[in-house]
A.B. asks: 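Right, I'll just put the structure down here and ask away after.
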Amino acid sequence: WLHESETSFKLVDALLAIVHPELYRRSSAVWEQLLADEEIMDLHELIRAWPTLFTTISVVYNRETPFHHDSKSVPQWYDLFLSVGSYTDAVLELLTLGICAHYMPGTAALFSGLLLRHGVSPVNQGDHIGYVFYMWPSMFHFASISLGKWVKYSSLST
């Protein structure tokens, strides 16, 4: 599944590079540092096989996601939420901002899952698969890469 999804996951990485270039650079540095670490050479094949700079992928299939904060994240980081399937009626709600948006197949949303309380409605017909891409701070700590700063509009325009 990971190998077959590699092209799609590279697009996910490209979205991260556009929306949060600092996090993209630091995530790339983590990956490079892990591959340079001789103490974990037995894991290098697995690291090379991982198809995205995000360290974790959660898959939610035909389930409502109750409102929550992603408590193990970092406030200045963005998680990427990708919705696919054959459904027509899902809603992504960001309670903190008062946003209630149609979450149609093919929709990608990037935001801080720690700062913004969020949830996804159930679907009544069709299949809904939600992919959530996020990172664990422990990977950055292990690779001795700082967690980075907040994304700024000026960094996006350069």
Side-chain angles (χ1 to χ4, degrees), residues 1-3 5-6 8-37 39-85 90-101 103 107-123 128-153 155-156:
W1 173 75
L2 289 175
H3 180 69
S5 302
E6 188 171 1
S8 298
F9 292 161
K10 293 303 175 198
L11 292 172
V12 165
D13 287 351
L15 286 171
L16 178 65
I18 293 165
V19 174
H20 200 325
E22 165 125 5
L23 183 55
Y24 177 86
R25 284 190 297 274
R26 290 181 186 276
S27 301
S28 296
V30 167
W31 190 80
E32 291 170 10
Q33 183 61 37
L34 292 174
L35 288 175
D37 190 333
E39 292 183 22
I40 59 169
M41 284 189 78
D42 56 327
L43 297 176
H44 286 184
E45 184 179 344
L46 292 171
I47 294 166
R48 280 188 198 94
W50 188 251
T52 178
L53 292 175
F54 286 94
T55 60
T56 308
I57 305 168
S58 292
V59 181
V60 181
Y61 177 71
N62 283 347
R63 300 282 308 218
E64 175 181 12
T65 306
F67 292 110
H68 67 285
H69 292 277
D70 299 325
S71 63
K72 294 184 180 179
S73 188
V74 174
Q76 66 267 29
W77 286 0
Y78 289 171
D79 304 325
L80 190 145
F81 300 78
L82 178 62
S83 188
V84 298
V91 174
L92 170 65
E93 196 166 346
L94 306 174
L95 284 179
T96 311
L97 299 177
I99 293 174
C100 188
Y103 198 38
T107 300
L110 288 96
F111 58 87
S112 172
L114 174 64
L115 293 180
L116 300 179
R117 187 171 158 93
H118 57 281
V120 177
S121 70
V123 296
H128 175 220
I129 303 170
Y131 294 97
V132 183
F133 298 82
Y134 52 100
M135 300 183 201
W136 289 113
S138 58
M139 297 294 288
F140 284 67
H141 295 309
F142 181 84
S144 299
I145 304 294
S146 74
L147 300 179
K149 301 175 184 173
W150 296 90
V151 67
K152 297 179 183 175
Y153 178 75
S155 68
L156 296 176

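Below, each value reflects all heavy atoms present in this structure, side chains not excepted, and no hydrogens, waters or symmetry copies. Everything numeric here is computed off the predicted structure, so don't read it as measured data.
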A.B. asks: Quick one, F133 and S58 - any side-chain contact, counting heavy atoms below 4.5 Å?
C.D. replies: no
A.B. asks: Is W1 close to V59 at the side-chain level, that is, under 4.5 Å between some pair of heavy atoms?
C.D. replies: yes
A.B. asks: Can you confirm whether L116 sits close enough to L95 that some side-chain heavy atom of one is under 4.5 Å from a side-chain heavy atom of the other?
C.D. replies: no
A.B. asks: Please determine, by modelled atom types, if S83 and Y131 share a side-chain donor-acceptor pair under 3.5 angstrom.
C.D. replies: no
A.B. asks: Between W77 and S112, is a side-chain hydrogen bond (donor to acceptor under 3.5 Å, both in side chains) present by the stated rule, with each step listed?
C.D. replies: CA-CA 6 Å; W77 286 0; S112 172; over 6 Å; no
A.B. asks: Give, for atom CG of L34 and atom CG of L46, the distance between the pair rounded to the nearest 0.5 Å.
C.D. replies: 11.5 Å
A.B. asks: Please report the closest heavy-atom contact between Q33 and A143, naming both atoms and the distance.
C.D. replies: CG-O, 3.2 Å
A.B. asks: Compare all side-chain heavy atoms of L23 with those of L16 and state whether any distance is below 4.5 angstrom.
C.D. replies: yes
A.B. asks: Is a side-chain N or O of T107 found less than 3.5 angstrom from the main chain of Y103, in a donor-acceptor match?
C.D. replies: no
A.B. asks: I need the minimum non-hydrogen distance between K149 and H20, along with the two atoms involved.
C.D. replies: O-CE1, 3.7 Å
A.B. asks: Ignoring hydrogens and geometry, is there a side-chain-to-backbone donor-acceptor pair from N62 to H128 under 3.5 Å?
C.D. replies: yes
A.B. asks: Please determine whether side chain to side chain contact (heavy atoms under 4.5 Å, CB included) holds for the pair M135 and D79, giving the CA-CA distance in whole Å, both sets of side-chain angles, and the decisive distance to 0.1 Å.
C.D. replies: CA-CA 8 Å; M135 300 183 201; D79 304 325; over 6 Å; no
A.B. asks: More than 12 foreign heavy atoms under 6.0 Å from NZ of K10: is that the case here?
C.D. replies: yes
A.B. asks: Quick check for you: to the nearest 0.5 Å, what is the distance between D13 atom CG and Y24 atom OH?
C.D. replies: 6.0 Å
A.B. asks: Taking all non-hydrogen atoms of both residues into account, name the closest pair between P75 and L115 and its distance.
C.D. replies: O-CD1, 3.7 Å
A.B. asks: Let me confirm one number: the OG1-CZ distance from T52 to F9, rounded to the nearest 0.5 Å.
C.D. replies: 7.0 Å
A.B. asks: Check step by step if side chain to side chain contact (heavy atoms under 4.5 Å, CB included) holds for I57 and V132.
C.D. replies: CA-CA 6 Å; I57 305 168; V132 183; over 6 Å; no
A.B. asks: How long is the span from the CG atom in L53 to the CG atom in L80, to the nearest 0.5 Å?
C.D. replies: 12.0 Å
A.B. asks: Among side-chain atoms of H44 and D42, is any donor-acceptor pair under 3.5 angstrom?
C.D. replies: no
A.B. asks: Using modelled atom types only, decide if a donor and an acceptor are shared between the side chain of D70 and the backbone of L114 within a distance under 3.5 Å.
C.D. replies: no
A.B. asks: Keeping the roles fixed (side chain from Q76, backbone from G148), state whether a donor-acceptor pair exists under 3.5 Å.
C.D. replies: yes
A.B. asks: Of the non-hydrogen atoms in T96 and H69, which two are nearest, and what is the gap between them?
C.D. replies: OG1-CE1, 4.5 Å
A.B. asks: How close do F67 and G119 get, counting heavy atoms only, and between which atoms?
C.D. replies: CD2-N, 3.6 Å
A.B. asks: Taking the side chain as C-beta and beyond, is there a heavy-atom pair between H141 and L147 under 4.5 Å?
C.D. replies: yes
A.B. asks: What distance do R26 atom CZ and S146 atom OG have between them, rounded to the nearest 0.5 Å?
C.D. replies: 3.0 Å
A.B. asks: Mind checking what makes ring pair (Phe, Tyr, Trp, His ring centres under 6.0 Å) contact with F111, not counting sequence neighbours?
C.D. replies: F81, H118
A.B. asks: Apply the test side chain to side chain contact (heavy atoms under 4.5 Å, CB included) to residues W136 and S73: give CA-CA distance (whole Å), side-chain angles for both, the deciding distance (0.1 Å), then the verdict.
C.D. replies: CA-CA 7 Å; W136 289 113; S73 188; over 6 Å; no
A.B. asks: Taking the side chain as every heavy atom from C-beta outward, state whether E39 and M41 have any pair of such atoms under 4.5 Å apart.
C.D. replies: no
A.B. asks: Indicate yes or no: at least one non-hydrogen side-chain atom of R117 is less than 4.5 angstrom from one of L94.
C.D. replies: no
A.B. asks: Would you confirm whether the ring centroid of F142 sits within less than 6.0 angstrom of the ring centroid of W31?
C.D. replies: no
A.B. asks: Given 3.5 Å as the limit, does a donor-acceptor pair link the side chain of W50 with the main chain of F54, or not?
C.D. replies: yes
A.B. asks: From I99 CD1 over to E93 CD, what is the distance, rounded to the nearest 0.5 angstrom?
C.D. replies: 10.0 Å
